[in-house]
Each structure stands twice: as structure tokens, then as C-alpha cells.
Amino acid sequence: MKSMILAVGCWLSICSVAVASPDDRPPNILFFIVDDLGWQDTSLRLHAQGPPHRDAYRTPQLERLAAEGITFTDAYASSPVCTPTRTSVMTGRSPQQNQISYWILHKDRDTGGPREGTTPPSWNVNGLQPDDVTLPRLLQKGGYLTIHAGKAHLGAKGTPGENPQNLGFDINIAGHAAGGPADYRGGRSFAKDPAKPGQSVWDIPGLEKYHGQQIYLTEALALESVAAIEQAHRQKKPFFLHFSPYAVHAPIIANERWLDHYSQLPKKEAAYATMIETVDRALGTLREALEQLQILDNTVIVFTSDNGGLSAHARNGPAHTHNHPLASGKGSALEGGTRIPLVIRWPGTVKAGRRSDIPVISHDHFPTLLEIAGVRCPREHDATVEGVSLVSLLQGKDHSVDPQRALFWHMPHFWGPRGPGIQPFSSIRKGPWKLIYYHHPQPQRVLFHLGQDVGEKTDMAAQQPQIRDQLSQLLGQHLRAVKAGLPRRNGTTIPYPDRMAESTKKPN
Ligand code: CA
């Protein structure tokens with residue numbers, strides 16, 4: 001019964017209580033979501049151990065934000081890849097409920113189809129569309145000027161959802177269907193072929209005025225965002241800025257301005273470090289604009305990522321080690337795939353320099369930001385929201401979010417590269433325990449105690465059959481509740497994790 005309550009509890013979300021700022025105007029919201037930024041990709045310390053190049057990273061703006069706000073050490077992306085996490089932020093629902101369980105690109109085309117004898121369930125390959133209830137749409141109706149800047153990747157090319165303005169954003173700066181840029185350099189028109197910008201699906205739209213200039217994409221997005229913030233200020237409207245700088249997603253291309261800071265690193269890693277520094281400097285640019293407009297202290301700033309750090313390819317050094325001590329990286333069921341940085345600055349509410357190890361997940365931002373804005377969620381949608389509001393936690397009530405709350409992931413698709421934990425899976429974290437249910441090559445469960453083994457090296461499934469079965473049951477109940485599909489092998493759909501024959505073998 002207790003497990004049933006836990007499984008159902010995630011559905012009960014309240015996003016209706018207004019939080020008034022001292023002058024009774026709702027706060028501005030800067031939601032800064034970096035692409036593929038790993039848990040260990042900054043100079044903000046989240047763990048005593050780290051990968052070899054961590055000490056070289058320069059993110060003083062993030063460190064300052066953390067010193068003034070709250071840092072979450074156990075924050076998670078809703079998915080180990082882009083679109084599912086991003087659409088979960090927009091809706092407050094898990095990727096498995098949205099049925100957006102993989103990344104999107106072209107209308108009606110499946111980017112995550114059958115492989116190695118395993119066929120994924122059908123899913124929403126077109127992503128979000130205008131009829132969907134979204135965070136920016138609700139904030140827009142609540143009087144906010146809603147601004148999208150950078151990577152959108154929320155709806156497929158050839159559908160209305162490819163344009164963020166069809167999803168509730170008043171202003172769209174350079175966002176479209178694609179999840180990565182052809183090029184980061186203005187000197188190359190942010191395009192595959194600088195002579196023909198706009199020809200490739202990866203070419204960045206809408207920044208023509210920077211073509212031919214020595215400017216990095218992240219920098220151009222920050223400048224355009226400042227102009228949009230100034231517009232909101234002139235209109236005397238609160239703003240919601242969804243700042244999504246494409247970086248640090250591949251292609252890994254240096255911002256040459258900062259390369260001399262990283263001469264000690266191998267070439268690819270030096271380039272990657274400049275991308276991180278440029279993101280941090282963009283945070284600084286936005287902060288400076290807020291200071292100049294004297295609205296910094298009436299602005300909530302959320303800094304996070306959309307999935308774990310890239311480690312399977314395109315990097316110097318051994319693959320799958322760049323998020324150490326976390327195992328693996330982007331695309332993986334293991335912690336490196338989903339654990340991400342999260343810092344929130346909310347002056348007058350969040351006590352400076354706080355840290356929290358309460359597990360939280362990307363779809364929590366939806367009810368949190370609506371509550372901060374004092375904007376009501378329509379009842380019908382609210383009944384489906386799985387995220388919980390973090391407002392009480394931010395106000396100082398540590399246990400207002402249950403540290404034993406179960407978090408769930410479900411990606412029944414292969415990601416491109418292979419590596420540890422990179423295969424179709426469902427998983428659950430509850431307290432210190434995490435169970436992964438691999439769908440391929442045959443259904444298999446592994447169990448880790450993250451408190452003692454954050455690197456997920458020791459499978460405890462055989463030693464702890466009771467915990468394994470309890471978590472399997474919670475995971476099965478959740479997947480059935482949200483109608484999550486499972487893959488087929490040899491014409492048969494694999495069983496839910498609590499309805500499989502005994503198997504505790506590790507995946508090959
Ligand atoms: Ca991503």
C-alpha cells in the first residue's frame with residue numbers, strides 16, 4: 001500500500017499559490033539551461049573527486065550564483081538526451097508520460113528506431129505542438145513577456161512546434177527544430193556552408209546580422225537576450241527568459257578568445273573548456289544587464305543542464321570518464337547520463353550559500369516556476385503534472401520535498417554511440433538506492449547504493465533482492481500509470497520490471 005501511495009504521490013502537484021514579491025510584482029525568471037553540460041563540467045565543486053581536466057574549468061559567474069543561492073548536488077535531468085528533458089521542463093510531465101522519449105528532428109521521422117533486434121514502442125516523434133499546455137504559454141497568459149533564446153528542439157521540422165512562438169514564446173531568438181548548431185562561429189555564419197547559410201537543417205536561423213563577424217554563438221545569444229530583457233523592462237512586464245545557448249553540445253569548436261586560458265589541455269579539451277567559459281561569461285552578461293536595469297534582485301535565476309556530459313565520443317582521453325566519479329555520460333542510464341548541475345538564486349527567499357542533497361528532477365521546474373510567478377495551472381493539466389514545486393524547499397523547509405521521493409526515467413531507445421549503460425532502459429532512484437531495468441539484449445535489473453557507490457560499480461541486486469523487488473514494483477506501477485511503452489524483441493513486448501522472470505545478471 002505504501003508503495004502505491006508513493007507511486008501515486010508524484011501525480012499530486014499544486015501549482016496555484018501566488019508568491020508575492022515585496023512590491024507585489026511577480027519576479028522575472030531567467031531559466032538558463034546549458035546543453036549537455038556535465039555534473040563535473042564547472043568550477044563549482046559538487047564532489048571531492050573529479051575528472052582530470054576539471055581544475056582547469058573557469059565558471060566564476062556560476063560560483064558566484066551558488067554563493068548567493070542554493071546548489072543541488074543530486075539534481076537530475078528528466079532524460080539522458082535533449083528533447084525529452086526539454087519538453088518535460090515545458091510540461092511538468094516525465095518524458096514517458098509525454099511519450100517524447102527520444103530526440104526529435106524531422107516531421108514523422110523516428111530518430112530512435114529498431115536496432116540489434118530490439119524495436120522501441122511508438123512515441124511522439126513530432127514533439128510539442130501548439131495545443132500542448134506549456135510553461136511559457138501559461139506565463140504569457142499570466143502577463144509575462146516570454147523569450148526563447150538559442151536551442152529549442154521542442155518540435156520537429158515541418159511541424160508548427162518547430163517555432164517556439166507557436167509554443168507560447170513571444171520572442172524567438174535563433175531557436176528551431178535542430179538540437180545542435182552547424183557552427184558556433186559568426187565568421188562562418190553559424191552554418192555548414194558559410195556561403196549558403198540556411199541550407200542545412202543545422203544552420204542557425206535569425207542571427208544574420210552577426211554573419212561574418214568575429215563572435216561566438218553563445219555571445220550573440222546573450223546580446224540579443226539583453227535586448228529582449230530591455231524590451232520587457234520598457235513594457236513594464238515581468239519576463240521569462242529561456243536562455244538555451246546551444247553550447248556545450250557538439251560540434252566542439254573553440255571560442256578562440258579564451259584558448260590561451262587552456263594551453264595545458266589537449267586540443268579538444270581546451271576547445272571544450274572555452275565553450276564552458278563562454279557560457280559562464282554569458283551568465284555574467286545577463287547578470288550585468290539585470291544590474292544595470294536594477295532588476296537583479298527581482299529576478300529568479302535557475303542555472304542547469306538538459307542531460308549529462310558528453311563522454312562517449314568527440315573528446316580527448318578515455319571515453320566514458322569525463323564525468324568521474326560518475327559512470328558514463330550523455331545517453332546512459334548511469335549517473336553520468338542524468339546527473340546535472342542545478343543552482344537557483346532567489347534573493348530574499350533562498351539563503352545564500354545553501355546546499356541540498358535532496359534529489360530533484362527537471363520536470364520539477366514547471367510547478368516551481370508557476371508558483372513563483374503566481375500563475376495558475378489549468379486543473380486538467382495540473383492533474384497530470386509529475387514534478388513537484390520546490391518553492392517551500394527554496395524558502396528553507398528542507399523536508400518539504402521528500403528525500404525518499406521516487407524519481408523515474410524511461411528511454412526505450414538506443415542512443416547513437418555505445419558505452420556503459422547506453423542502451424534502452426527504465427530506472428528508478430529512491431533515497432540512496434537506484435535500480436536500472438535494461439531492456440536489451442534481454443531484460444535485466446541492476447541495483448546500486450548511490451550513497452556508498454556513486455560510481456555504480458557494485459551491482460547489489462543479488463544481495464538485496466527485497467529492495468530490488470520493491471523498486472521494480474514501484475517502477476512497474478509508474479510505467480503502467482503513465483502508459484509508458486516497452487520495446488519488442490522477437491515480436492514480443494518485454495515485460496514490466498516487476499513482472500519478469502528472475503534475472504540479476506549484468507548487461508553484456
Ligand atoms: Ca542535450
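When a ligand or atom number is given, it counts from 1 through the structure's own listing order. If you're wondering where the values come from, they're calculated on a predicted model, not measured in any experiment.
Of the angles at the Ca ion (ligand 1), the one spanning OD1 of Asn307 and OD1 of Asp35 is 160° when given to 10°. To the nearest 10 degrees, the Ca ion (ligand 1) sees SG of Cys82 and OD2 of Asp306 at an angle of 90°.
Sorting the N, O or S atoms of Asp36 by how far they are from the Ca ion (ligand 1) puts OD1 first.
Between Trp415 and Tyr102, the ring center distance fails the sub-6.0 Å criterion.
Looking at Trp39, its side chain does come within 3.5 Å of a backbone N or O of Thr73 through a donor-acceptor pair.
Using a 4.0 Å cut-off between a side-chain N of Lys or Arg and a carboxylate O of Asp or Glu, Lys192 and Asp183 do not qualify as a salt bridge.
In the model, Asp36 has a side-chain atom that pairs as donor or acceptor with a side-chain atom of Asn307 under 3.5 Å.
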